[in-house]
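Predicted model only: the values in this text are computed from it and were never measured.
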Amino acid sequence: MLAEVLIFVPSIARFRVDFMALRLEKAQIASLAQLAASDMVTPELEAELLANAEVYNVVLRRDEVRQLVLSSELPAPVTATYDLRDAGPWELIRDALICLVDPSDDIIRVIGNPVQEAGLLIEITMDSAPMRDAMLDYGLRILLLSALISVVTAFLLFLAVQRLIVLPIRRVAQHMAAYAEAPEDARRVIAPMAQVEELREAEEAMQAMQRQLTGSLKQKERLAQLGGAVAKISHDLRNILTSAQLFADRLEGSADPMVARSAPKLVGSISRAVALCESTLKFGKAEEAAPVIRPVDLVALVSDVAEAEGLAEDGDVACLIEVADDFRILADPEQLYRVLSNLVRNARQAIESSGAGGTIEISASQTADEWRIRVGDTGPGLPEKAREHLFEAFQGGARKGGIGLGLAIAAELVRGHGGRLDLARSDAEGTEFLIHLPKSSVAA
């Protein structure tokens, strides 16, 4: 509509100027006939010249002399005068709009420059009604042509919108419905095809989201299958370990001092394995049991962990325990054993993977609010990829062949105590984990 106004208004003003200029030209031609043979122009011929020019009077100014060349009786007084010689565009537009809305048949005077410089000016009087009728006819033709162009443009725009916007959106909606029926089917992931940049970006974002969701669903399906397999294996392994526990109980009464000294540790290890298998069979809970808090001799617990991992102070992988003999904390000993065992085992495997010896250090300290247990090693450090998903199950494996489950279990067990497991540092000089166990949660 704005374009229509910007086109129509100047066009109708231009048409009005051209209409009056044509009347001036016809009047000039008629006046030249009168000037050429004034004695031969009869009143009847003069009336015919004025009728052909469609004017009432013609005045020429030549050589500073104003001369009424052709004249006739005016049916009414002159109501307005328009000088086309120095009229501006806004003035012409204003006069054209006034002429369109004014239905009266007035007599107007028009002043302009003669063609071919045949004088200083030419002045005519004429009816305004024929000019208004011609302007209305011209405006109607412009509106009809514009309406036709608008219809064609609207149809082309409709086709463009259908092809570039509606069809891609409908295709996206169909893909969404099809993908919702079977999100695990990778063949139903949308392939970006839109030609509009914004829609293509939306399709690419949807493709990335669908691929991520499909991968997550496949991973959850594999984890569910793995959970079923683990439950079956744990059931049979529990039965085997129960039998082994019975034989281990008999070793406690052995007369051999070495056997008698090792039997309690063997029984303890088998008992822990049986308890772990039983907790694995409680797969429906998908979470660890609440910790049973009681006093723990941290030196004895750490020593058991180091001995179970085959570590000594003078081995290739040395274990240094820097914990005071009387250092005691309140925690679940079985769960804390599992936490330390996972951390120490990862440290030992990291050092062994480097092909050189190293040291694992375990120390403890306390503040007014918490106990802190530090487990550090002199291994090669964790790779960047492992640090991104360090405490996520099956995501944070730090070595080839690892499944990335140990640290996730350790972090969950520490959270069960109300604490947290942090990676203090990991660089070329080694890795250090810090266990925070709050005293406040225990007291509560």
To the nearest 0.5 Å, what is the distance between [atom1] ([X]) and [atom2] ([Y])?
X      : Y      : atom1 : atom2 : answer
Thr431 : Asp377 : OG1   : CG    : 5.0 Å
Leu407 : Leu421 : CG    : CG    : 7.0 Å
Tyr82  : Met20  : OH    : CE    : 8.0 Å
Glu322 : Glu361 : CD    : CD    : 5.0 Å
Gln366 : Leu298 : CD    : CG    : 10.5 Å
Arg372 : Asp422 : CZ    : CG    : 10.0 Å

If we ignore hydrogens and angles and just use 3.5 Å, is the side chain of [X] paired with the main-chain N or O of [Y] as donor and acceptor?
X      : Y      : answer
Glu203 : Met193 : yes
Thr79  : Ile107 : yes
Ser426 : Leu382 : yes
Gln207 : Val189 : no
Ser104 : Asp106 : no
Arg132 : Leu100 : yes
Thr359 : Ala318 : no
Asp332 : Glu334 : yes
Arg338 : Pro333 : no

Minimum side-chain heavy-atom gap [X]-[Y] below 4.5 Å:
X      : Y      : result
Phe433 : Val339 : no
Arg348 : Leu311 : yes
Ser11  : Tyr138 : yes
Leu434 : Ile373 : no
Leu437 : Ile435 : yes
Met131 : Cys99  : yes
Leu140 : Leu144 : yes

For the residue pair [X] and [Y], what are the closest heavy atoms and their distance?
X      : Y      : answer
Ala331 : Leu336 : CB-CD2, 4.3 Å
His175 : Arg188 : ND1-O, 4.1 Å
Arg23  : Ala53  : CD-O, 3.4 Å
Ser128 : Ile108 : CB-CG2, 4.2 Å
Leu92  : Ala13  : O-CB, 4.0 Å
Ala27  : Val55  : CB-CG2, 4.3 Å

- Message: For Val323, run the side-chain contact (heavy atoms from CB on, under 4.5 Å) check against Ile321, Asp326, Asp325 and tell me which one passes.
- Response: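 Single pass found, and it is Ile321.
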- Message: Tell me which one of Met126, Met135, Arg14 satisfies side-chain contact (heavy atoms from CB on, under 4.5 Å) with Phe19.
- Response: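 Single pass found, and it is Met126.
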- Item | Greater than 12 external heavy atoms within 6.0 Å of Phe158's CZ |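 No - once you tally the heavy atoms of other residues, nucleotides and ligands closer than 6.0 Å, there are 12 at most.
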Is [Y] paired with [X] through a side-chain N to carboxylate O contact shorter than 4.0 Å?
X      : Y      : value
Arg425 : Asp427 : yes
Arg16  : Asp18  : no
Lys439 : Glu370 : no

- Message: Please tell me whether Ser363 and Arg374 have a donor and an acceptor in their side chains that are separated by less than 3.5 angstrom.
- Response: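 Judged by distance alone, the side chains do pair up.
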